[in-house]
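The sequence lines fix the lettering, A, B, ..., with proteins before strands; numbering per chain opens at 1.
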Protein chains: 2
Amino acid sequence: MATKIRDVAKAAGVSVATVSKVLNGYTTVNENTKERVLQFVKDMQFYPNSAARSLVGRRSMTIGIFLTTSLAHPFFNQILSGMEQALKSKGYDLIYLAQFSRSKDYSFVRHCQSRNAEGVVVFGFQREEMNFDELIRSGIPTVFIDLDVKQGRAGYISSDNEAATERTVQYLIGLHHHKISFLSGDKEAYASKQRLQGYRIGLERANIPYREDYIADGDFTRETGYLAMKTLLALPEPPTAVICCSDLSAVGALDAIHDAGLSVPEDISVIGFDDIEIASVIRPALTTVRQNMTMIGRRSIELLDELINDDALPPPEEIVPTELVIRGTSAIAKR
Amino acid sequence: MATKIRDVAKAAGVSVATVSKVLNGYTTVNENTKERVLQFVKDMQFYPNSAARSLVGRRSMTIGIFLTTSLAHPFFNQILSGMEQALKSKGYDLIYLAQFSRSKDYSFVRHCQSRNAEGVVVFGFQREEMNFDELIRSGIPTVFIDLDVKQGRAGYISSDNEAATERTVQYLIGLHHHKISFLSGDKEAYASKQRLQGYRIGLERANIPYREDYIADGDFTRETGYLAMKTLLALPEPPTAVICCSDLSAVGALDAIHDAGLSVPEDISVIGFDDIEIASVIRPALTTVRQNMTMIGRRSIELLDELINDDALPPPEEIVPTELVIRGTSAIAKR
DNA sequence: TTGTAAGCGTTATCAT
DNA sequence: ATGATAACGCTTACAA
């Protein structure tokens, strides 16, 4: 059986109330008693039962996470790894709310409450995909990753998608590209929209007209990247550079380009997004926008912790810088 | 505020005990009352508070997971995705025990107890790396992934590492390779040991002598794969085929081979392990052993569930089949 | 078939 | 400075 507060109290010759006070940092306890109690807590390896704690309304030190694993999340490891540091230093454990379902009966809020989660991180969803309104209205501290919700007690964190593509466009223009395509991820995805926006701004700043036919649809996967690139190549005036919404779709685009007998970067420059491991492994290595997923993971927890500890705090909105990593798939435009 | 059992009872005009009985599947409750209660439970979106439930000794429906994220786990997503299905169907949520620490004071057991985890999955550790003895002795149902613990209430699940490399050796011998190297992962890792064992058996069955100098050290990463391959290439009689312990180290090996001015598969055949996305993206695509991580994830939860529900159950030991995926980095040995 | 009430381990209020 | 004790939301004898 696990050690209980009662056992510790008995051993230390004090009441449970005193032990509890020591553990909860009350200053009204004698220094000597405190020392003794702490010693027993340590020796007896007393870990307070979190259920009992939650029940009396004390902090549960639990953060919930809602996740779609059905989608491909090539970097959830990195996010988790980033989260871990923050969770440790703030003292939380993380509960993956697997019972989440898409059925009408399901309630985010009820689920969180039943698990006594103090706050929740949401990752991998699109805005309209789920009924997040109930969650947002509930006042449960929430941090969305890659979804711009900023309302009540719900804020978000994401990469600087817009700035990233704007910079990428500038970079390509610097290489004398004028026919620049944008290979979109899922058009409904927040990240895709932001990146498209940055693309438009980039062109505008350089006085290059925006062409509808230079926008190709995809959904972040290699397969759609391939298909989309084929379409672009079939254009009467195909692009000399293409900005992709993911490294995977960039790989698909590269496949299509090779199949068409063209070469990269001589004929066409290709830029990815994410900087997953694949990017540096393929030949030529992929020029891409590196997302700092570790940072996003860490900060998501830190932001949530702040939200939990201060209910007057306005919803956070944090944009994490990306970095253009120039490798072998981009070069000066062919004359 | 969240709906409580008391609220439901009041609304349905019964006692809390009756509601509880309905929820816990007691048969001693009138069919009509049951229906009515269930209707209210649904309408009022009543989710029982799991802390209160755990406290009275009922099931917490919580499974813990200990993980090293410090190592690279390119497929934790897949494991999690496999787990998800099983968690859903069995009704568990998964708590990531982030407060885990390597300090002397830390106790796996206490941590699990304090969180009321009914069982725990352990992934990414080596046997001697942590003090698992306390956990194993505690009687907490435990499933280790990729670590052969089978004792008390702790069992394990892993790929058929040994058979996998034995089959790979056979395959290479079928291609007339006789000088076959083994590029090890971390030598202390369970998976590495098993794979080395399979390699030895494979050679033995074909009456090919085992050569110490054909074994190269690594740690699953691209960097050590590169270094190890360099060493092998510097041998007076270099191998014509090399079996790597991960796809990443295979990529490193390929780099070294190219740097030496040799080509794959013409001069040397290279086989990876894992079948991560990179394997099918590189050119030539990597011949590799595919691990079914989704299956491992799903089964780890199912096994744990069985262990939880039957305390007479002997510790499980489940070996998940792998599959040799033949692509472009393996060919008939050069004459 | 239903209800009453004790108890799970902890915190917090109120005495002492 | 310390200790009794009610309360948290639920399950489960036991009583009715």
Practice task
May I have the distance from N116(A) (atom CG) to dC10(D) (atom P), rounded to whole angstrom?
Solution key: 10 Å
Problem - Heavy atoms from other residues, nucleotides or ligands near NZ of K34(B) exceed 12 (cutoff 6.0 Å) - result: no
Handout entry: Set of side chain to side chain donor-acceptor pair (under 3.5 Å) partners for E188(B), sequence neighbours left out
Key = none
Handout entry: Interface with DNA chain D, restricted to residues 18-36 of chain A and to heavy atoms under 4.0 Å
Key = T18(A), K21(A), T28(A), V29(A), N30(A), T33(A)
Exercise for the section: Identify, with sequence neighbours excluded, every residue that meets side chain to side chain donor-acceptor pair (under 3.5 Å) alongside Q151(A). Expected result: none
Handout entry: Whole angstrom value for the distance that separates P of dT11(C) from CZ of R6(A)
Key = 14 Å
Problem - N-O pairing of R299(A) and E302(A) below 4.0 Å - result: yes
Exercise for the section: In whole angstrom, give the distance that lies between atom CD1 of I5(B) and atom C1' of dT4(C). Expected result: 14 Å
Handout entry: Salt bridge flag under 4.0 Å for residues D93(A) and R115(B)
Key = yes
Practice task
Rounded off to whole Å, could you give me the NZ-to-P distance for the K4(B) and dA7(D) pair?
Solution key: 14 Å
Practice task
Tell me whether the centres of the aromatic rings in F123(B) and F66(B) are closer together than 6.0 Å.
Solution key: no
Exercise for the section: State, yes or no, whether a side-chain contact exists between F144(A) and F132(A) at a heavy-atom distance under 4.5 Å. Expected result: yes
Practice task
Report yes if the distance between the aromatic ring centroids of H111(A) and F100(A) is under 6.0 Å, otherwise no.
Solution key: no
Practice task
Could you identify which residues of residues 37-58 of chain B place a heavy atom less than 4.0 Å from some atom of DNA chain C, listed by residue number, or say none?
Solution key: L55(B), V56(B)
Problem - Whole-Å distance separating the NZ atom of K10(B) from the P atom of dT4(C) - result: 13 Å
Exercise for the section: Output every pair passing salt bridge (Lys or Arg N to Asp or Glu O under 4.0 Å) with a member in residues 50-63 of chain B, not counting sequence neighbours, ordered by first then second residue. Expected result: R59(B)-E118(B)
Problem - Of residues 106-115 of chain B, the positions that come close to DNA chain C - non-hydrogen atoms, cut-off under 4.0 Å - result: none
Handout entry: Ring geometry between F76(B) and F76(A) (parallel below 30°, tilted from 30 to 60°, perpendicular above 60°)
Key = parallel
Exercise for the section: Evaluate whether atom NZ of K193(A) has more than 12 neighbouring non-hydrogen atoms of other residues, nucleotides or ligands under 6.0 angstrom away. Expected result: yes
